[in-house]
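Let me begin by presenting the structure, written as C-alpha cells, before commenting on it.
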Amino acid sequence: MPELPEVEGVVRELAPASKGRTISEVKVSEVIRSSKELGKEAIVKGKTLEDFIEELSDMTIIDVTRRSKYIYFHLEKAGQPHLLVSHLGMSGAWFVVNSLDEVVERKFKNHIHVIFTMDDGGMLVYSDIRRFGELRLLGKEEDYSPLLKMAPEPFSREAIDHFLAMASTPKYARKPIKEVIMDGHIISGCGNIYATEALFKMKIHPNRTTERISEKRKRELFNVIVNVLQESIDAGGSSISDYRNINGEAGTMQTRLKMYGKKVCSHCGSSTKSMKIAGRTSVYCPKCQR
DNA sequence: AGCAGCGTCCGGCCGC
DNA sequence: TGCGGCCGGACGCTG
C-alpha cells in the first residue's frame, strides 16, 4: 500500500534511471484494451488509448518528481511541455529493466499493464495487481483540477498552518481526527499506516473529534506525522502487501511500525481494537489512546 | 453552493 | 478445494 514515503522512494529511483531518455515505444496490456472497449477507465484515464500512445511516443523525460502520493513525469515533445501523472493506487509499481524477465515476482509480472521502451533500450514497466492506479497524461498540472486542491507538501513551511486552519473549519472540526489527517486536502500523503502510527505515538484515539484536541496537541500531532513520514522515507518505505521499489525490493519500515496491523499494544500489552472510521479499518489501543 | 453518500476502478486473501 | 465477501485511495456523480 504505497503512501508518501513509498512514492518518494520510487521517484528517487525512477528519476536517475529515466531522466534525459526518450520514449520510443508505448505498449498497453490486453486487459486495459478490453476494459477501455467496455467503456471503463482502468489505469489510463482521461484519454483514448490511441491518443495516449501516440502522444507519449517520442516524448523526452525531463524529470521525475513527487507531489503528495502522485508521481509527476515532466515530459517534452517538439518543444512543448507535458505532464504524465501516475498514482499507484493500492498495488501499482514501477520497474526499470532491460527485459521483462527482470520482473521476477509472479504477482507483479502477471499484471504488467504499461511498458515504455526508452531510446537506450531500457524499459519503464508499470504493474498494477488491482488496477486502482492511474496514468493521466496532461499538458500541465492546471489541466486536472484535483491536483490543485491537494494540501501543501507536509515538509513545506506552510503545511502546518494549512492543517490547523482546515482542522478548525466547521466541516472538519466535527469529524474524527483520523479522518481529517488522512484527507489529502488537509495533509498530503498521510494514509492509513502513518495516520495509525502517529495517533498511537500521540496517544490519541483515532475516533476523537478533531475539535476536542487542543491547538498545542494538534501542532504536536502534525509534527509527529511529519517525523513518521521522514522516518519511513529513510527506511525505504513500508512493504505492506504489494509495495516494492523499482528494483523489486522491499523497504524495512514495516518492522518499525508500532500499531498498524498489530494485535497487541507494543506499549502496554493490551489487545488492540479495530473500528471503521470513514470506511477504513483503524487499529488502536483502547488503554493507551484516548 | 457545498456536502454526504455512494459508485467506480479490481484481485488477493480470508473464512467457512 | 471452492467460493462468496471483504478490502481500499481518491475522484466523479447524484440528490
Side-chain angles (χ1 to χ4, degrees), chain A residues 1-8 10 28-49 52 66-72 85-94 105-114 126-138 141-151 154 166-167 169-176 178-196 206 209-210 225 229 237-244 250 260-261 263 274-283:
Chain A
M1 204 185 330
E3 297 183 24
L4 184 150
E6 293 74 34
V7 177
E8 178 66 23
V10 170
V28 175
S29 71
E30 274 310 312
V31 169
I32 298 287
R33 289 184 184 281
S34 41
S35 140
K36 281 282 198 180
E37 278 166 21
L38 291 169
K40 297 180 188 175
E41 286 255 282
I43 300 179
V44 177
K45 313 284 188 186
K47 257 189 208 309
T48 65
L49 286 183
F52 181 78
R66 181 188 59 71
R67 175 73 176 92
S68 186
K69 299 180 200 170
Y70 289 89
I71 300 165
Y72 282 11
V85 176
S86 163
H87 195 292
L88 302 176
M90 298 301 300
S91 55
W94 283 97
E105 268 188 279
R106 170 147 263 117
K107 62 178 176 174
F108 289 98
K109 195 184 179 77
N110 285 349
H111 297 279
I112 290 173
H113 291 300
V114 180
Y126 182 70
S127 165
D128 195 336
I129 298 164
R130 293 184 205 176
R131 292 178 237 162
F132 271 37
E134 81 177 59
L135 288 172
R136 191 181 292 273
L137 180 58
L138 306 169
E141 195 178 34
E142 290 74 13
D143 296 344
Y144 184 56
S145 63
L147 300 176
L148 305 178
K149 294 175 183 147
M150 291 187 285
M166 294 291 275
T169 60
K171 175 180 170 181
Y172 291 105
R174 301 193 182 107
K175 289 179 189 284
K178 180 155 178 284
E179 181 174 350
V180 172
I181 63 177
M182 285 180 64
D183 187 319
H185 304 104
I186 314 296
I187 297 177
S188 272
C190 180
N192 204 0
I193 299 172
Y194 302 111
T196 297
T209 306
T210 300
I225 290 168
L229 291 172
S238 300
S239 293
I240 303 286
S241 67
D242 295 329
Y243 170 70
R244 296 294 182 281
Y260 183 85
K263 294 269 185 282
S274 174
M275 66 188 296
K276 289 272 183 189
I277 297 172
R280 285 135 193 183
T281 304
S282 302
V283 185

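Order of the sequence lines sets the chain letters (A, B, ...), proteins ahead of strands, with each chain counted from 1.
The side chain of A/K175 places an N or O atom within less than 4.0 Å of a non-bridging phosphate oxygen (OP1 or OP2) of B/dA4. The phosphate of B/dC10 has OP1 or OP2 within less than 4.0 Å of a side-chain N or O from A/R131. For the pair A/Y70 and C/dC11, the criterion of a side-chain N or O lying under 4.0 Å from OP1 or OP2 is met. Taking side-chain N and O atoms only, A/K40 has a distance below 4.0 Å to OP1 or OP2 of B/dC10.
In this structure, A/E41 places its CD atom 14 Å from C1' of C/dC13, rounding to the nearest Å. Rounded to whole Å, atom P of C/dA10 lies 14 Å from atom CD1 of A/I181. The interatomic distance linking A/K45 (NZ) with C/dC13 (C1') rounds to 15 Å, in whole Å. In this structure, A/R136 places its CZ atom 8 Å from C1' of C/dC11, rounding to the nearest Å. In this structure, A/F108 places its CZ atom 18 Å from P of B/dC10, rounding to the nearest Å.
Looking only at distances, a side-chain donor or acceptor of A/S188 sits under 3.5 Å from a matching main-chain atom of A/A151.
When the nucleotides C/dC11, B/dG11, C/dG9 are ranked by their closest atom to the side chain of A/H185, C/dC11 comes out on top. Each of C/dC11, C/dG9, B/dG12 was ranked by its minimum atom distance to the side chain of A/P146; first place goes to C/dC11. Between B/dC10, C/dC11, C/dG9, one nucleotide has an atom nearer to the side chain of A/Y144 than all others, and that is C/dC11.
When all heavy atoms of A/I181 and A/C190 are compared, the pair lying nearest together is O-CB, 3.6 Å.
Both A/H111 and A/K171 lie close to DNA chain B; mapped to their nearest nucleotides by heavy-atom distance, the more 5′-ward contact belongs to A/K171.
A heavy-atom distance below 4.5 Å is not found between the side chains of A/L88 and A/E6.
Sorted by residue number, the members of residues 274-283 of chain A with any non-hydrogen atom under 4.0 Å from DNA chain C read A/K276, A/G279, A/R280, A/T281.
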